[in-house]
Amino acid sequence: MTPTDLQAQLIAEIAAPLDAAVRAAGAEPEVPLAPPTREDAGDLALPCHRYARVFRKAPQAIAQDLAAAADAVPLVAGVEAAGGFLNLRLDWTAVAERLVNWALTDAGALGHSTALAGRKVVVEYSSPNTNKPQHLGHCRNNILGHTVATLLEAAGADVTRVNLVNDRGIHICKSMWAYEHLGQGETPEALGVKGDHLVGDYYVKFNNAFEAEYAEVWAGKDDAPGKDAWFNGDSPIGQQVRAMLRAWEAEDPAVRALWATMNGWCEAGFAQTYDRMGVRFDHIDKESQTYLLGKDLVERGLADGVFHRADNGAAVFALEKLGLEGEKAVLRADGTSVYTTQDLGTAMQRYQRYGFDEMIYVVGNEQDRHFQVLFGILTELDPALQGKLSHLSYGMVELPSGKMKSREGTVVDADDLMDELQAAAREVGAQNWPDLDDAELARRAEAVGLSGLKFFLLKFAPKTTFTFDPEASIKPEGETGVYCQYAYARATSILEKLADADAGVTPDWSALDQEQAKAVMKAMLGFPGTVAQAAIDKKPSLLTKGTFDLARAFAAFYNHPDCNVLKAEPGVQAARAQLVRAARRMLGGGLALMGITALESM
RNA sequence: GCGCCUGUAGCUCAGUUGGAUAGAGCAGCGGCCUUCUAAGCCGCCGGUCGGUGGUUCGAGUCCACCCAGGCGUGCCA
């Protein structure tokens, strides 16, 4: 058998006789053998408190009774019963040989597993509006969604990545209105700007024009309506924009042509941004193609009693079915769709198309309730969907200066951010490598900048609202992607200098029975399980943690004079070199899962 | 008002589903470059886990109430 998770296999081997001893004493084994939290408690520990009642014995005595069984295992070098825990020390010479061979050859060492084998999963993420360029918040969504998809694939799942682009609606018409009324026929090509930025500029121009109109009409008057009410009421601009939306829905050729042109610009810009971020999709849905879906579902639901008619004729869902109060409309009184209608239809269409076991929506936590309601309705419509729908809810990204507010112009543009991070990385690179040519410098700086961004966006648990610190994100010290990249580059450098001088030499594995090497091996042993857990929990922060822990342990190893590879005796050198190769491979695996380029030199 | 989320070191965050003396990074202080890359390493300092009760061998973790912050509570998306 091929061990994909060596630690799990070692634990299984060692735990077998312990479990047998527990059974012989008349109890079911229920407490796992696991690495202890305390550093002075050996390599693996078994808490025995749980068995105290069954055995009618003190935990300390149980631990002592189990000690003999543990001591007989070849991989165990020492046993100690302390405070109700059974602590085991491993035979690191034996472990080292197995671990290095495994880490150099097994896909499991790179975080691949079969934990979710055969499971069909659809992941929807990004879902941008085509009226403005993407910002830092979209970056978190894009990177989070893409990495979760990657992790699920690594765990053996059959993953489909989808993006539902919100390319129609009143907000799209606002940019179109501004372009038509305030533009001079500019194009991205003529101006040399990305199309999404050009469209976004007109969205800003719309807002300015509307604010100016509102101020002109209502300044100083205390019976002023709210801005939304004004827009949806007598505002001349509002009326024109709404007329545009109606014309779009009536498929007016001129409006459709303008819409197609501007959306094309925006989508081309998004494609560039995705490409640079290394984010991709198997399928891109557009709301202009899905917005009429779901009406038939509502009709059927009305007949089946899932929905009912409100007094004014709207089709509504009684939220008390979900333990909530009030009603959720799924068709307006005039028979038109709401956003939820489309969501219902799209979900059902995907279920028919993909037959998924799970569909994950990567959407911010401000929509928690929306998804609670959506999933509740979908499950009522088709009980087969029970348990198959999940919302990967994530918190906002804040800045050291506070929250991002589009009205206050404090949003961080995604493209600008990547440019800035690259430029900052380039400055450091140019200092360290004065002779490097421009293209290579740019390539490395891009990899470093994106590494900083991605790692920083992934290192927090999804639900955490965190503060993005651009400077800290590309620091080579601390818990960053750049730090992990550096460890990989150092490993590469050592191996280049070694130039296979250890080829054919039998490694002296006992040389790895030293503090720094053991710390590296412990980090390596824990890595695959951590990655599998990251997939199961949909928590990429576990991946960044596991990769960082390995990088840190490895940094302590290659920095210690007693662990030097190049100056070591042949047998010792061969063992250390193999450990470096193994750690490097695993680090590369971790970085790859995050979509981070591992640089050979930096 | 109601619902959900959050509150852990000066700052930013972890805490493996109830296990040993609560961790990491940053910042601060002190060391280490004629170097297997200083884009690094080593050490020190730093906590009544928001509060009060409860559950049990054992609570940052589970329960109740309270305090503070965020988000939501559309026939918007």
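These numbers were taken from a predicted model, which means no experiment stands behind them.
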Roughly how far apart, to the nearest Å, are [N] and [M] at atom [atom1]?
N	M	atom1	answer
B:U16	B:A9	C1'	22 Å
B:G25	B:G15	C1'	15 Å
B:C13	B:G47	C1'	15 Å
B:C44	B:C62	P	33 Å
B:U52	B:U8	P	15 Å
B:U61	B:U56	P	16 Å
B:G10	B:C45	C1'	12 Å
B:C76	B:A14	P	36 Å

Base-contact (B) and sugar-phosphate-only (S) positions in nucleotides 68-77 of chain B, heavy-atom cut-off under 4.0 Å, - elsewhere: --SSSS-BSB

Sequence-aligned protein contact record of nucleotides 41-46 of chain B, with B where the base is within under 4.0 Å of a protein heavy atom and S where only the sugar-phosphate is: SS----

A:Val330 and its side-chain contact (heavy atoms from CB on, under 4.5 Å) partner, picked from A:Val306, A:Val298, A:Val373: A:Val298

Under 4.0 Å, heavy atoms only, any strand: does [X] hit a base, just the sugar-phosphate, or nothing?
X	result
A:Pro59	nothing
A:Ser493	base
A:Gly169	nothing
A:Ala489	base
A:Ala34	nothing
A:Cys48	nothing

N/O donor-acceptor pair, side chain A:Asn87 with base B:A20, under 3.5 angstrom: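 Check passes, donor-acceptor contact within cut-off.
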
Salt bridge A:Arg444-A:Glu440, side-chain N to carboxylate O under 4.0 Å: yes

Residues A:Asp562, A:Arg576: salt bridge by 4.0 Å N-O rule: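 Salt bridge between A:Asp562 and A:Arg576, a charged N being under 4.0 Å from a carboxylate O: no.
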
A:Asn432 CG to B:U37 P, straight-line distance once rounded to whole Å: 13 Å

Distance in angstrom units between A:Leu542 CG and B:A24 P, rounded: 18 Å

Just by distance, do the side chain of [X] and the backbone of [Y] share a donor-acceptor pair under 3.5 Å?
X	Y	result
A:Asp285	A:Thr290	no
A:Gln485	A:Thr597	yes
A:Arg309	A:Ala314	no

Does one side chain, of [X] or [Y], offer a donor that lies under 3.5 Å from an acceptor on the other?
X	Y	result
A:Asp368	A:Ser393	yes
A:Thr130	A:Asp167	no
A:His391	A:Gln367	no

A:Phe231 six-ring centre to A:Lys227 NZ/CZ under 6.0 Å and within 45° of normal: no

A:Tyr361 ring center near A:Phe375 ring center (under 6.0 Å): yes

Residues, nucleotides or ligands: over 12 heavy atoms within 6.0 Å of A:Asp228 CG: no

Parallel, tilted or perpendicular: rings of A:Phe456 and A:Phe460 (30°, 60°): perpendicular

Is the shortest side-chain N/O distance from [X] to OP1 or OP2 of [N] below 4.0 Å?
X	N	value
A:Thr464	B:A14	yes
A:Lys463	B:C13	no
A:Lys545	B:A14	no
A:Lys475	B:G25	no

5' priority, RNA chain B, between A:Phe548 and A:Phe460 [closest heavy atom]: A:Phe460

5'-most by nearest nucleotide on RNA chain B - A:Glu600 or A:Pro47: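 Per heavy-atom nearest nucleotide, the more 5' residue is A:Pro47.
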
Among B:A20, B:G15, B:G40, the nucleotide that comes nearest once only the side chain of A:Ala45 is considered: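 Among B:A20, B:G15, B:G40, the one nearest the side chain of A:Ala45 is B:A20.
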
B:U17, syn or anti by chi within 90 degrees of zero: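 Syn, since the glycosidic angle lies within 90° of 0.
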
B:C49 glycosidic torsion: syn (within 90° of 0) vs anti: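 Anti for B:C49; the angle lies over 90° from 0.
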
Contact check, side chains of A:Arg584 and A:Tyr488, non-hydrogen atoms, under 4.5 Å: yes

Ring-base stacking, A:Phe85 with B:A20 (5.5 Å, 30° cut-offs):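 The base of B:A20 is stacked with A:Phe85 (centres under 5.5 Å, planes under 30°).
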
Base-paired stems that RNA chain B participates in, counting runs of 3 or more Watson-Crick or G-U pairs under 3.5 Å: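 So far as stems of 3 or more pairs are concerned, RNA chain B shows B:1-7 with B:67-73, B:10-13 with B:23-26, B:28-32 with B:40-44, B:50-54 with B:62-66.
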
